[in-house]
Amino acid sequence: MSDDEVFENAGGVGSALVFPIQAGALKKGDFMCIKGHPCKIIEISVSKTGKHGHAKASIVAIDIFTKQKLEDMAPTTHNVDAPFVKSVNYSLMDVREDGQLSLMDEENNMREDLNLPKDEELAGEIRK
């Protein structure tokens with residue numbers, strides 16, 4: 001995902017990429033969208049209710065694709081968007097000469113559409 005791409009709800013039945021969650025219910029380690037980017041919360045603090053306002057949540061998070069640090073502030077009673085996040089673990093089965101990877105998930109389904117990363121150091125670690 002490049003810096004100019006935005007993660008947003010595409011709309012339509014059954015195609016929701018995000019769901020609403022109250023800002024006050026968020027905690028460290030949760031996921032939320034900041035400026036359209038799916039992020040993992042690394043720090044959250046809540047200010048006290050002011051004379052005429054709501055308590056506010058101050059959120060610091062890391063974009064899950066670009067690792068960019070983002071900040072947001074929202075009233076604790078208001079909803080924010082949270083992305084649906086699915087993690088899949090793969091076992092490395094083989095690395096071909098051309099750098100193509102053979103992976104297998106927990107249900108024994110094979111995936112062979114990924115290549116070694118361009119970073120030589122990381123690629124070397126994977127080859128070990």
Side-chain angles (χ1 to χ4, degrees):
M1 182 172 206
S2 67
D3 291 339
D4 59 346
E5 290 180 286
V6 176
F7 184 85
E8 59 186 76
N9 189 347
V13 177
S15 66
L17 299 174
V18 296
F19 61 94
I21 186 168
Q22 242 184 11
L26 293 170
K27 58 189 180 301
K28 185 176 177 178
D30 285 347
F31 295 94
M32 72 171 288
C33 290
I34 298 178
K35 300 175 188 162
H37 295 268
C39 301
K40 185 172 185 177
I41 297 171
I42 58 170
E43 185 180 324
I44 186 165
S45 60
V46 178
S47 66
K48 293 183 179 180
T49 305
K51 184 175 178 182
H52 298 290
H54 299 281
K56 293 198 176 24
S58 179
I59 303 159
V60 178
I62 302 290
D63 186 307
I64 62 175
F65 295 115
T66 65
K67 306 297 184 213
Q68 181 181 4
K69 188 175 181 180
L70 298 169
E71 296 183 27
D72 195 15
M73 187 171 264
T76 56
T77 56
H78 291 193
N79 285 340
V80 295
D81 286 338
F84 288 103
V85 177
K86 179 182 176 186
S87 294
V88 179
N89 292 318
Y90 289 97
S91 296
L92 179 63
M93 304 306 293
D94 187 33
V95 179
R96 293 187 192 166
E97 290 292 324
D98 63 357
Q100 188 173 2
L101 304 175
S102 292
L103 307 169
M104 185 169 50
D105 67 11
E106 295 169 349
E107 297 172 355
N108 296 328
N109 297 318
M110 295 298 291
R111 181 168 180 182
E112 298 181 322
D113 60 338
L114 298 173
N115 295 320
L116 282 171
K118 303 251 187 270
D119 180 347
E120 290 297 326
E121 186 177 331
L122 181 58
E125 288 291 317
I126 293 171
R127 283 188 189 270
K128 287 184 182 179

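Contact between Ala55 and Val46 at its shortest, heavy atoms only, is CB-CG1, 4.2 Å. Between Val60 and Lys69, the closest heavy-atom pair is CG1-CE, 3.4 Å. In this structure, Ala23 and Pro75 approach most closely via the heavy-atom pair CB-O, 3.4 Å. Taking all atoms of both residues into account, the shortest heavy-atom contact from Glu112 to Ser102 is OE2-OG, 3.1 Å. Heavy-atom minimum distance, Ala82 versus Ile21: CB-CG2, 3.8 Å.
When side chains are defined from C-beta on, Asp105 does not count as touching Arg111, because their heavy atoms never get closer than 4.5 Å. Looking only at side-chain heavy atoms (C-beta outward), Ile41 and Met32 come within less than 4.5 Å of each other. At a threshold of 4.5 Å between non-hydrogen side-chain atoms, the residues Leu92 and Leu103 count as touching. Here the side chains of Pro38 and Leu17 are not in contact, with every heavy-atom distance at 4.5 Å or above. Using a 4.5 Å heavy-atom threshold, the side chains of Ser58 and Glu71 count as separate.
Linking Ile, Leu, Val, Met, Phe, Trp and Tyr residues whenever their side-chain heavy atoms come within less than 4.5 Å places Tyr90 and Leu122 in a single cluster. The cluster map of Ile, Leu, Val, Met, Phe, Trp and Tyr, joined by side-chain heavy atoms under 4.5 Å apart, puts Ile126 and Leu114 in the same cluster. Met73 and Ile42 sit in two unconnected hydrophobic clusters of ILVMFWY residues. Membership requires side-chain heavy atoms under 4.5 Å apart, directly or through other members.
Of the inter-residue distances, the one linking Leu101 atom CG with Arg127 atom CZ reads 8.5 Å to the nearest 0.5 angstrom. Rounded to the nearest 0.5 Å, atoms SG (Cys39) and CD1 (Ile62) are 8.0 Å apart. To the nearest 0.5 Å, atom CD1 of residue Ile59 and atom CD of residue Glu43 are 11.0 Å apart. Annotation: the span from Asp72 atom CG to Ile44 atom CD1 amounts to 10.0 Å, rounded to 0.5 Å. In this structure, the separation between NZ on Lys40 and CG on Asp30 is 9.5 Å, given to the nearest 0.5 Å. In this structure, the separation between CZ on Phe31 and CG on Asp81 is 15.5 Å, given to the nearest 0.5 Å.
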Check the pair Glu106 / Asn89 against side chain to side chain contact (heavy atoms under 4.5 Å, CB included), numbers first and verdict last.
-> CA-CA 7 Å; Glu106 295 169 349; Asn89 292 318; 3.7 Å; yes
How far apart are the C-alpha atoms of Gln68 and His37, what are their side-chain angles, what is the distance that settles it, and do they pass the side chain to side chain contact (heavy atoms under 4.5 Å, CB included) test?
-> CA-CA 10 Å; Gln68 181 181 4; His37 295 268; 5.6 Å; no
